[in-house]
Amino acid sequence: KTETTKDLAKAIAKQCVVFNCSDGLDYLAMAKFFKGLAAAGAWACFDEFNRIDIEVLSVIAQQIMTIQEACKASSERFVFEGRDIPLNPNYGVFITMNPGYAGRAELPDNLKALFR
């Protein structure tokens, strides 16, 4: 799954950052990632995404929706986590999961809807 995402990015000359998620990841760290992705138009593949705590996953869903709404509105800039940042609509967020393992969270419904 991760390799497929990386190969697709390479095929279309996109920068793709792979990040292995853990239960210690918080929404502030994810916000920094999203700010950089949105501004640069880069891609990120968050590996084992469902290892993140369920409470953090809910906030992440709101962060992703904020960026998607700005893209839908064709905005050149938008406010994200209190800061005005440029928006490159070519950004991409991809996730991989291994459901069923111990310590893995079920994705909240609002987050599932974003990754269909």
Side-chain angles (χ1 to χ4, degrees):
K1 299 168 281 201
T2 303
E3 291 302 317
T4 301
T5 303
K6 286 171 48 178
D7 289 346
L8 176 60
K10 185 177 180 179
I12 62 171
K14 277 283 176 199
Q15 179 184 6
C16 183
V17 178
V18 176
F19 187 79
N20 195 342
C21 300
S22 70
D23 55 359
L25 198 58
D26 65 4
Y27 75 94
L28 296 171
M30 293 300 287
K32 288 179 185 178
F33 251 113
F34 294 143
K35 285 178 193 175
L37 295 173
W43 287 7
C45 180
F46 295 100
D47 201 20
E48 297 191 43
F49 192 69
N50 56 333
R51 289 178 61 193
I52 301 171
D53 289 334
I54 190 76
E55 295 83 11
V56 176
L57 288 173
S58 239
V59 176
I60 289 170
Q62 293 301 316
Q63 291 171 334
I64 292 171
M65 282 195 295
T66 299
I67 299 170
Q68 286 185 344
E69 291 299 322
C71 282
K72 286 178 190 173
S74 299
S75 302
E76 291 185 12
R77 300 188 70 80
F78 73 113
V79 176
F80 183 79
E81 297 288 313
R83 295 192 62 187
D84 183 62
I85 61 171
L87 176 62
N88 182 329
N90 296 314
Y91 92 102
V93 175
F94 301 85
I95 63 171
T96 66
M97 301 186 329
N98 292 310
Y101 289 99
R104 304 302 200 265
E106 184 70 27
L107 292 186
D109 289 338
N110 61 343
L111 194 53
K112 278 184 192 175
L114 298 174
F115 290 101
R116 292 186 181 195

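Numbering starts at 1 and runs along the sequence shown. Worth knowing before you read on, the calculation uses all heavy atoms, side chains too, and leaves out hydrogens, waters and symmetry mates. None of these values were measured; they are calculated from a predicted model.
The shortest distance between side-chain heavy atoms of Phe46 and Met97 does not fall below 4.5 Å.
Leu8 and Leu37 end up in different hydrophobic clusters when Ile, Leu, Val, Met, Phe, Trp and Tyr side chains are linked at under 4.5 Å. No chain of hydrophobic side-chain contacts below 4.5 Å, direct or via other Ile, Leu, Val, Met, Phe, Trp or Tyr residues, connects Leu28 to Val79. Hydrophobic cluster membership differs between Ile64 and Phe94, with clusters built from Ile, Leu, Val, Met, Phe, Trp and Tyr side chains linked at under 4.5 angstrom.
Residue Glu81 comes nearest to Gln63 through the heavy atom pair OE2-NE2, 3.4 Å, listed as atom of the first residue, atom of the second, then distance. The minimum heavy-atom distance between Cys71 and Leu87, with the atom names listed, is N-CD2, 3.6 Å. Scanning both residues, Asn88 and Ala40, for their nearest heavy atoms gives ND2-O, 3.4 Å. Across Leu114 and Ala61, no two heavy atoms sit closer than the pair CD1-O, 3.6 Å. Shown here for Leu111 and Phe49, the closest heavy-atom pair between the two residues is CD2-CE2, 3.5 Å. In plain terms, the two heavy atoms of Val93 and Phe115 that are nearest each other are O-CE2, 3.4 Å.
Judged by distance alone, the side chain of Lys6 and the main-chain N or O of Cys16 form no donor-acceptor pair under 3.5 Å. With Asp53 contributing its side chain and Glu55 its backbone, the two residues share no donor-acceptor pair below 3.5 Å. Remark: the backbone N or O of Gln62 is paired with a side-chain donor or acceptor of Thr66 at under 3.5 angstrom. A donor-acceptor pair under 3.5 Å is formed between the side chain of Lys14 and the backbone N or O of Gly41.
Note that CZ of Arg51 and CG of Leu25 are 10.0 Å apart. Values are rounded to the nearest 0.5 Å. Here the straight-line distance linking atom CD1 of Ile12 with atom CG of Asp7 works out to 12.0 Å at 0.5 Å rounding. Within the model, atoms CH2 of Trp43 and OG1 of Thr5 stand 8.0 Å from one another, a figure rounded to the nearest 0.5 Å. Note that CD of Glu48 and OG1 of Thr2 are 8.5 Å apart. Values are rounded to the nearest 0.5 Å. Ile67 contributes atom CD1, which lies 10.5 Å from atom NZ of Lys35 (distance to the nearest 0.5 angstrom). Between Asp23 atom CG and Asn50 atom CG the span is 11.5 Å, to the nearest 0.5 Å.
Atom OH of Tyr27 has 12 or fewer neighbouring heavy atoms from other residues, nucleotides or ligands inside a 6.0 Å radius. Shown here is Lys1, whose NZ atom has more than 12 heavy atoms of other residues, nucleotides or ligands within 6.0 Å. Within 6.0 Å of NZ on Lys32 lie no more than 12 heavy atoms contributed by other residues, nucleotides or ligands.
Take Phe19 and apply the ring-ring contact (aromatic ring centres under 6.0 Å, His included) test, not counting sequence neighbours, and it matches Phe33. Take Pro86 and apply the side-chain contact (heavy atoms from CB on, under 4.5 Å) test, not counting sequence neighbours, and it matches Ala39, Arg77.
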Dump the intermediate steps for side-chain contact (heavy atoms from CB on, under 4.5 Å) on Val59 and Met30, then the final yes or no.
CA-CA 10 Å; Val59 176; Met30 293 300 287; over 6 Å; no
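In this structure, Val18 shares a hydrophobic cluster with no other residue, the cluster being traced through Ile, Leu, Val, Met, Phe, Trp and Tyr side chains under 4.5 angstrom apart.
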